[in-house]
Every structure is written in structure tokens, then in C-alpha cells.
K.L.:
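The structure follows.
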Amino acid sequence: QVQLVESGGGLVQAGGSLRLSCAASGTIFRVNDMAWYRQAPGKQRELVALITSSGNTNSADSVKGRFTISRDNAKNTVYLQMNSLKPEDTAVYYCNANVLRADWRVADYWGQGTQVTVSS
């Protein structure tokens, strides 16, 4: 089995910063794409940023220039550095990982979610 554990959420003032972390563990052969999603009240879950196993990245227009996704393959961990936070960034943030398991099966896994609240 594979588990994703998130950390780093919290309450910050507008203009502040947070760094989210998500570590994958379990019977992993290789971690492929990793990503961060978020879901605000009354809205559908949206993709915030994605990073491939080789380090290529993409991010939503709403966070370009403010958020940076990165990963440490040795630790099977993905990070989201969030700067210049705005109230509209308030949401539950979820990490996602596509994993090639030790049994050679590919599956997607989700973290438990971490709350990010930005006050005005």
C-alpha cells in the first residue's frame, strides 16, 4: 500500500508565505507525476501545479509567479512553496501522486488534505 501524508498548512495574513509538503511511502517502485490540487468552499477541485518525475512543471495561471512546485525524488516528497498569498487562495490543498508500485501496477493516491487560510 501507498500513503501520502501532507503537512505545512495553516493560517496566514495576505502577502504571507507557506510551504506545503507531501511525502509518499509504501511499496513504491517509482513515483511518476506529482501534483497539488485545491478545493475552496462551493467550488470544484482545481489543479494548482504539477511536476513530472524529471522535474518539468506546470501551474495554474492564478498562481503563476507566486507558487513554486518542487520535489525530492530521494525522499518521494513534493513541495509547494506559496508566496504572496491572497484570500482567494484559501482552500483545502491536496497532494496527488501517480505511482508505479512494487507489484508493477500503476495507481493514483491522494493526501489527506491540509487547510490553508489567508486572512485579509
Side-chain angles (χ1 to χ4, degrees):
Q1 293 186 354
V2 177
Q3 300 84 38
L4 271 59
V5 178
E6 301 180 29
S7 62
L11 173 65
V12 297
Q13 296 238 76
S17 298
L18 284 172
R19 190 179 80 150
L20 307 183
S21 299
C22 176
S25 62
T27 54
I28 297 169
F29 187 80
R30 187 207 306 147
V31 179
N32 299 313
D33 293 355
M34 303 185 82
W36 288 97
Y37 291 76
R38 67 186 181 187
Q39 188 165 21
K43 295 197 171 188
Q44 69 180 51
R45 189 171 300 186
E46 65 173 340
L47 177 65
V48 177
L50 181 146
I51 184 167
T52 69
S53 61
S54 60
N56 293 327
T57 63
N58 200 5
S59 60
D61 288 343
S62 60
V63 306
K64 282 186 184 299
R66 300 188 298 120
F67 292 9
T68 302
I69 188 170
S70 61
R71 64 191 287 167
D72 184 336
N73 289 335
K75 297 180 178 179
N76 287 331
T77 299
V78 62
Y79 305 94
L80 186 68
Q81 179 65 48
M82 304 185 294
N83 299 324
S84 302
L85 282 161
K86 303 175 180 179
E88 50 262 46
D89 295 318
T90 295
V92 177
Y93 284 70
Y94 298 89
C95 66
N96 172 271
N98 181 261
V99 176
L100 175 62
R101 306 190 319 202
D103 62 1
W104 286 42
R105 295 186 184 275
V106 177
D108 283 292
Y109 295 89
W110 290 89
Q112 79 278 12
T114 185
Q115 177 71 47
V116 172
T117 302
V118 184
S119 62
S120 58

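Bear in mind that the values here come from a model prediction, so they are computed numbers and not experimental data.
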K.L.:
Tell me, which pairs form a salt bridge (Lys or Arg N to Asp or Glu O under 4.0 Å) where one or both residues lie in residues 75-85, sequence neighbours left out?
P.N.:
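Salt bridge (Lys or Arg N to Asp or Glu O under 4.0 Å) check on residues 75-85 returns no pairs.
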K.L.:
Sort and list the pairs that fulfil disulfide (SG to SG under 2.5 Å) and have at least one residue in residues 12-109, not counting sequence neighbours.
P.N.:
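Listed by first then second residue: C22-C95.
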K.L.:
My understanding is that only residues two or more places apart in sequence, or in another chain, count here; which of them pass side-chain contact (heavy atoms from CB on, under 4.5 Å) with A14?
P.N.:
P87, V118
K.L.:
What residues form a side chain to side chain donor-acceptor pair (under 3.5 Å) with Q115, not counting sequence neighbours?
P.N.:
T117
K.L.:
Each residue besides Y79 in its hydrophobic cluster should be listed here, by chain and number; the cluster joins Ile, Leu, Val, Met, Phe, Trp and Tyr at side-chain heavy-atom distances under 4.5 Å.
P.N.:
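Under the 4.5 Å side-chain rule, Y79 groups with nothing.
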K.L.:
Tell me, please, which residues at least two apart from N83 pass side chain to side chain donor-acceptor pair (under 3.5 Å).
P.N.:
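Applying side chain to side chain donor-acceptor pair (under 3.5 Å) to N83 gives S17, Q81.
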K.L.:
Which pair of heavy atoms, one from A23 and one from T77, lies closest together, and at what distance?
P.N.:
CB-OG1, 3.6 Å
K.L.:
Going by salt bridge (charged side-chain N to carboxylate O under 4.0 Å, His left out), name the residues that satisfy it together with D103, two or more places apart in sequence or in a different chain.
P.N.:
R101
K.L.:
Could you tell me which residues satisfy side chain to side chain donor-acceptor pair (under 3.5 Å) with N32, sequence neighbours excluded, listed by chain and number?
P.N.:
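Counting only residues at least two positions away or on another chain, N32 forms a side chain to side chain donor-acceptor pair (under 3.5 Å) with R30, N98.
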K.L.:
OG1/T68 to CG/L80 distance, rounded to the nearest 0.5 angstrom?
P.N.:
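Atom-to-atom, T68:OG1 and L80:CG are 8.0 Å apart.
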K.L.:
Name each donor-acceptor pair under 3.5 Å that joins a side chain in residues 41-49 to protein atoms two or more places apart or in another chain, with its distance.
P.N.:
| from | atom 1 | to | atom 2 | distance (Å) |
| --- | --- | --- | --- | --- |
| E46 | OE2 | R38 | NE | 2.8 |
| E46 | OE2 | R38 | NH2 | 3.3 |

K.L.:
List the residues meeting side chain to side chain donor-acceptor pair (under 3.5 Å) with S120, not counting sequence neighbours, and say none if there are none.
P.N.:
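Here no residue qualifies.
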K.L.:
Taking atom CG of D33 and atom CG of N58, what is their separation to the nearest 0.5 Å?
P.N.:
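Answer rounded to 0.5 Å: 11.0 Å.
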K.L.:
Output the distance between atom CG (N96) and atom CE (M34), rounded to the nearest 0.5 Å.
P.N.:
8.5 Å
K.L.:
Keeping to residues at least two apart or across chains, list the salt bridge (Lys or Arg N to Asp or Glu O under 4.0 Å) pairs with something in residues 55-73.
P.N.:
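Those involving residues 55-73 are R66-D89.
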K.L.:
Name all pairs fulfilling the ring pair (Phe, Tyr, Trp, His ring centres under 6.0 Å) condition that reach into residues 33-57, sequence neighbours left out, sorted by first residue then second.
P.N.:
Y37-W110
K.L.:
For the atom pair CZ (F67) and CG (L20), what is the distance rounded to the nearest 0.5 Å?
P.N.:
8.0 Å
